Amino acid sequence: MSGENQLHGCAITGVGSYVPERVLTNADLETIVDTTDEWITTRTGIKQRRMAADNEFTSTMAAAASRKALAQAELDPAELDLIIVATITPDMPFPATACLVQQELGAAKAAAFDLEAACSGFLYALEIAQAFITAGVHQNILIIGAEKLSSIIDWEDRNTCVLFGDGAGAAVLQRRDGARGVLATRLGSDGTKANILAMPGGGCCQPATVDSVNERIHFLKMEGKEVYKNAVTAMTAAAKEVLERSGLGIEDIKCIIPHQANMRIISAIGDRLGATEDQVFVNLQKYGNTSAASVAVALDEALQQGVVQRGDKILIIAFGAGLTWGATVLEW
């Protein structure tokens, strides 16, 4: 965790994102499942999402986002000490997708591993990376949230297939003495509710068989009402805790970047925190829920749009399967 005894400063020196070209609109979904644009929009706020091409994978999208982040940081991949990829849709069970990204970027000296915390993954990666840097273990770390969720969506389930999209976001963290960077972080999990959002098949518990494929257990399964209830409660509590620990009020935050899962969840959290509509950054309508990529892509877009300037405070909040959640306050 961030604390007063940290030895080195840590700053985010570059960010980047990538979304596939193919757009899947609500009108397109009307031809696939029994749904309507009105039903999707009023319940989720999503108008469209991006779908990866057949030759695009989590690793290739991650690498594309990473190149942009590295360019902004003016850092050669050969200087990277560590690559962390947060994902629930790895290219394959092993090796780690991070190793494939390492190869793609030519980051020969970097260690590499994957992290699985679902939609909270990018915040988990951010906290791990800044801990390594402030402790003096590493100087240059690349973190990535990337997903090809279209590969695990049940296109016959109208309650879930309308929600998700593909994409990747990346950030470069570097040692910068004197930088404030991450001011406070709160990570949490509750494994007693692991079953409300999961992909049951594919692991050692229920490996792939003809029967398991026919039973459609290799797709994402979700209990929507339970997810909503837990997401609002957990993200609100985590956000309040990091604000208190960083000595800030909601009025001190220039930009709130919540996990882009559902507009109702985002609105409920904003209300409970006492945030204004202008403070909350939303790109859900364009991309849907991209899981670990969600807050990373939103952070990049907020910066591109000039919403955040140097010195501004940013509150990032996420929630995902596990259950997992997290909140981070950054000084940009």
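Only this structure's heavy atoms are used, side chains among them; waters, hydrogens and symmetry mates stay out. Because the structure is predicted, anything quoted here is derived from the model rather than measured.
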Ser246 (side chain) donor-acceptor with Leu243 (main chain) under 3.5 angstrom: yes
Flag if over 12 foreign heavy atoms under 6.0 Å of CD, Glu74: no
Side chain proximity check, Ser151 to Phe219, heavy atoms < 4.5 angstrom: no
Side-chain (Glu301) to main-chain (Asn283) donor-acceptor, under 3.5 angstrom: no
Side-chain heavy-atom pair Arg176, Cys10 within 4.5 angstrom cut-off: no
Trp39 reachable from Met263 in the ILVMFWY side-chain graph, under 4.5 Å edges: yes
Val101 with Tyr124, same ILVMFWY side-chain cluster at under 4.5 Å: no
Distance-only donor-acceptor check, side chains Thr233 and Asn230, under 3.5 Å: no
Under 3.5 Å donor-acceptor, Gln102 side chain and Ala107 backbone: yes
Test item: Asp114 and Pro90 side chains (from C-beta on) under 4.5 Å apart, heavy atoms: yes
Verdict with reasoning, Tyr287 to Arg49, per side chain to side chain contact (heavy atoms under 4.5 Å, CB included): CA-CA 4 Å; Tyr287 305 127; Arg49 63 291 291 149; 5.7 Å; no
Centroid separation Phe132 to His138 less than 6.0 Å: yes
Side-chain (Asp271) to main-chain (Ala268) donor-acceptor, under 3.5 angstrom: no
Heavy atoms from other residues, nucleotides or ligands near CD of Glu244 exceed 12 (cutoff 6.0 Å): no
Sub-4.5 Å side-chain heavy-atom contact between Thr324 and Leu123: no
Backbone N/O of Gly326 and side chain of Arg186: donor-acceptor pair under 3.5 Å: no
Expected output: side-chain Gln72 to main-chain Val15 donor-acceptor under 3.5 Å: yes
Polar contact flag, side-chain donor to acceptor under 3.5 angstrom, Asp278-Thr276: no
Glu147-Thr89 side chain donor-acceptor pair, cut-off 3.5 Å: yes
Shared hydrophobic cluster for Leu105 and Leu75 (ILVMFWY, side-chain gaps under 4.5 Å): yes
Trace of the side chain to side chain contact (heavy atoms under 4.5 Å, CB included) decision for Ile143 with Phe122: CA-CA 7 Å; Ile143 64 171; Phe122 189 77; 3.7 Å; yes
Hydrophobic cluster identity match, Met199 and Val213, side-chain contacts under 4.5 Å: no
Pair His8, Thr134: side-chain N/O donor-acceptor within cut-off below 3.5 Å: no
Thr44 side chain to Asn262 side chain, donor-acceptor N/O pair below 3.5 angstrom: no
Exceeds 12 heavy-atom contacts within 6.0 angstrom, atom NZ of Lys109: yes
Between Gln304 and Asp300, a side-chain donor and acceptor under 3.5 Å: yes
Donor-acceptor contact below 3.5 Å, side chain Gln130 vs main chain Leu173: no
Glu79 and Asn140: side chain donor to acceptor below 3.5 Å: no
Side chain Asp312, main chain Trp332, donor-acceptor under 3.5 Å: no
Lys/Arg-Asp/Glu bridge criterion (N-O < 4.0 Å) met for Arg22, Glu56: no
Derivation of the side chain to side chain contact (heavy atoms under 4.5 Å, CB included) call for Leu330 and Ile316: CA-CA 8 Å; Leu330 303 174; Ile316 307 177; 3.8 Å; yes
Exercise: do Ser212 and Gln206 side chains pair donor with acceptor under 3.5 Å: no
Ionic contact status for Asp37 with Lys47, cut-off 4.0 Å: yes
Heavy-atom side-chain contact between Ile196 and Met222 under 4.5 Å: no
Between CD1 on residue Ile40 and CZ on residue Arg158, distance to nearest 0.5 Å: 10.0 Å
Main-chain N/O of Pro258 paired with Gln260 side-chain donor or acceptor, under 3.5 Å: yes
Within one Ile-Leu-Val-Met-Phe-Trp-Tyr cluster: Val297 and Phe164, side-chain cutoff 4.5 Å: no
Glu21 bridged to Arg50 by N-O distance under 4.0 Å: no
Side-chain ion pair, Arg216 and Asp154, N-O less than 4.0 Å: yes
Gln174 side chain to Thr13 side chain, donor-acceptor N/O pair below 3.5 angstrom: yes
Pair Arg43-Asn159, side-chain donor/acceptor within less than 3.5 Å: no
